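Just so it is clear, the structure is predicted and the values come from calculations on it, not from any experiment.
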Amino acid sequence: MDAQKLRDLSAFVQHCKGSPSVLHMGELRFFKEWLESMGATIPPPAEHPKFPEAPKETNTEAKEPPVSSPEQASESQESELEIDDEGVIEADLEEPIEMGDDSIEVTEELMDQANEKKAEAINALGEGHLEKALEHFTEAIKLNPRLAILYAKRASVYVKMQKPNAAIRDCDKAISINPDSAQPYKWRGKAHRLLGHWEKAALDLATACKLDYDDDTSALLKEVQPRAQKIVDHRRKYERKSEEKALKERMERGKKAKEEHEKARKVSGKVLASCFTTFLFQAGMFVDISYFHLLSQVSFYMQFLVNVNEYWIMKSLLAHSYM
């Protein structure tokens, strides 16, 4: 066998020992499969080599505190919403009063007794005796727990006593019994107004006016609506800015990913070209590496390997096998 070819083959084998990842190239697949068929174990492909980065300049001067950008300042200001909270009170945290037993059978006698207690409660309320009115309405509810107006009336007392959470509980019960009654929506809207729940207050007051219009409810609705609308507008604006920010971030991530992909492609091309050049140099075939760096498509490198190297490598291996 030609001594020069043996030397070339020896150089190729030494190169494979030093860089076994070369065997995972598509062009050397036939050689890799032949080695494996002979019982050889091929090491897994190595990761792309990391090139040393240029040393970063150290700045010994004191760093200035970061300055927020106008966009950040604008977003911070926009996240704060100022609303006139005049008339808003602290939430009541007392234990709820009895709601009555829905399972009892309400007879005509119990209905009459409940109506009597209701009348006493209304009289006490007219005289300004809120505690007595509350007691009478509670007794009426125990006698007839399935009458929505009793809960609505007791809720009105709670609103006057500045206990909005208790009023909301009674209104929720009244609405569950009779959702077409305007009274529980009216008093629940007033309770939400006391707590500063402007959107809920506007919704309940508007529903009350729709079911049974009255001037008092309409006047309160006109007071509440501008604040509720301000919250809605602010939320929409903030959501729109958040969506725009998210879209911008997605586009930036996509652009960065594309740049990294292109960078990795160029680096892998250069590494492949270097491997080819090293191999050819050891095989006695000198090729200018700058020529490879000018190639923009990795497929060209592959074609080059097929046309130049695969022929004589295969020929050398076949010649060796026949010896």
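- Rounded to the nearest 0.5 Å, atoms CZ (Arg154) and CH2 (Trp187) are 15.0 Å apart.
- Of the candidates His192, Lys230, Arg193, Gln229, Trp198 forms a side-chain contact (heavy atoms from CB on, under 4.5 Å) with just one, namely Arg193.
- Between Lys245 atom NZ and Lys248 atom NZ the span is 9.5 Å, to the nearest 0.5 Å.
- Closest approach of Ala166 to Asp92, counting heavy atoms only: N-OD2, 3.2 Å.
- Counting heavy atoms from C-beta on, the side chains of Glu259 and Lys255 come closer than 4.5 Å.
- Legend: residues meeting salt bridge (charged side-chain N to carboxylate O under 4.0 Å, His left out) with Glu135, ordered by chain and number and at least two apart, are absent.
- Counting all heavy atoms, side chain and backbone alike, Val224 lies closest to Ala202 at CG1-N, 3.6 Å.
- For Asp180, the side chain to side chain contact (heavy atoms under 4.5 Å, CB included) partners two or more places apart in sequence, or in a different chain, are Asn178.
- The number of heavy-atom neighbours closer than 6.0 Å to CD of Glu90, taken from other residues, nucleotides and ligands shown, is 12 or below.
- One distance of note links SG of Cys171 with CZ of Arg169; it measures 11.0 Å at 0.5 Å rounding.
- For Leu211, the side chain to side chain contact (heavy atoms under 4.5 Å, CB included) test picks out Ala182, Tyr185, Thr207, with sequence neighbours left out.
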Could you tabulate the donor-acceptor pairs under 3.5 Å formed by side-chain atoms of residues 140-153, not counting sequence neighbours?
residue: Lys142; atom: NZ; partner: Glu98; partner atom: OE2; Å: 3.2
residue: Arg146; atom: NH1; partner: Asp102; partner atom: O; Å: 2.5
residue: Arg146; atom: NH1; partner: Ile104; partner atom: O; Å: 3.0
residue: Arg146; atom: NH2; partner: Ile104; partner atom: O; Å: 3.2
residue: Tyr151; atom: OH; partner: Met99; partner atom: O; Å: 2.5
residue: Tyr151; atom: OH; partner: Pro145; partner atom: O; Å: 2.9

Can you check side-chain contact (heavy atoms from CB on, under 4.5 Å) on Leu130 and Leu125, steps first, answer last?
CA-CA 6 Å; Leu130 300 180; Leu125 188 60; 3.6 Å; yes
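- In the hydrophobic clustering of ILVMFWY residues, with side-chain heavy atoms under 4.5 Å counting as a link, Ile177 and Ile168 come out apart.
- The salt bridge (charged side-chain N to carboxylate O under 4.0 Å, His left out) with Asp204 is formed by just one residue from the set Lys186, Arg188, Lys210; it is Arg188.
- In this structure, Lys200 places its NZ atom where only 12 or fewer heavy-atom neighbours from other residues, nucleotides or ligands lie under 6.0 Å away.
- In this structure, the separation between CG on Asn115 and CG on Leu110 is 11.0 Å, given to the nearest 0.5 Å.
- For Glu249, the CD atom sits in a packed shell: over 12 heavy atoms of surrounding residues, nucleotides or ligands are nearer than 6.0 Å.
- Only one option out of Glu243, Glu244, Met251 pairs with Leu247 in a side-chain contact (heavy atoms from CB on, under 4.5 Å); it is Met251.
- Applying the side chain to side chain contact (heavy atoms under 4.5 Å, CB included) test to Lys222 and every residue at least two apart in sequence or in another chain returns Ser218.
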Can Lys163 and Asp170 be said to form a salt bridge (Lys or Arg N to Asp or Glu O under 4.0 Å), step by step?
CA-CA 11 Å; Lys163 295 181 179 181; Asp170 272 0; over 6 Å; no
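- Here the straight-line distance linking atom CD of Gln183 with atom CD1 of Ile175 works out to 11.5 Å at 0.5 Å rounding.
- Under the 4.5 Å side-chain contact rule for hydrophobic residues, Ile89 and Val157 do not share a cluster.
- When all heavy atoms are compared, the tightest approach of Leu194 to Pro164 is CB-CB, 4.2 Å.
- Looking at Glu127 and Lys132, no side-chain N of the basic residue comes within less than 4.0 Å of a carboxylate O on the acidic one, giving no salt bridge.
- The minimum heavy-atom distance linking Ala124 with Ala133 is given by the pair CB-N, 3.8 Å.
- Here the side chains of Lys117 and Phe137 are not in contact, with every heavy-atom distance at 4.5 Å or above.
- Around the CD atom of Glu86, the shell of radius 6.0 Å holds no more than 12 heavy atoms that belong to other residues, nucleotides or ligands.
- Within the model, atoms CD of Glu116 and CD of Glu139 stand 11.5 Å from one another, a figure rounded to the nearest 0.5 Å.
- The side chain to side chain contact (heavy atoms under 4.5 Å, CB included) search around Glu199 returns Ala228, Ile231, Val232, Arg235, not counting sequence neighbours.
- Smallest separation of non-hydrogen atoms from Ala208 and Thr217: CB-CG2, 4.0 Å.
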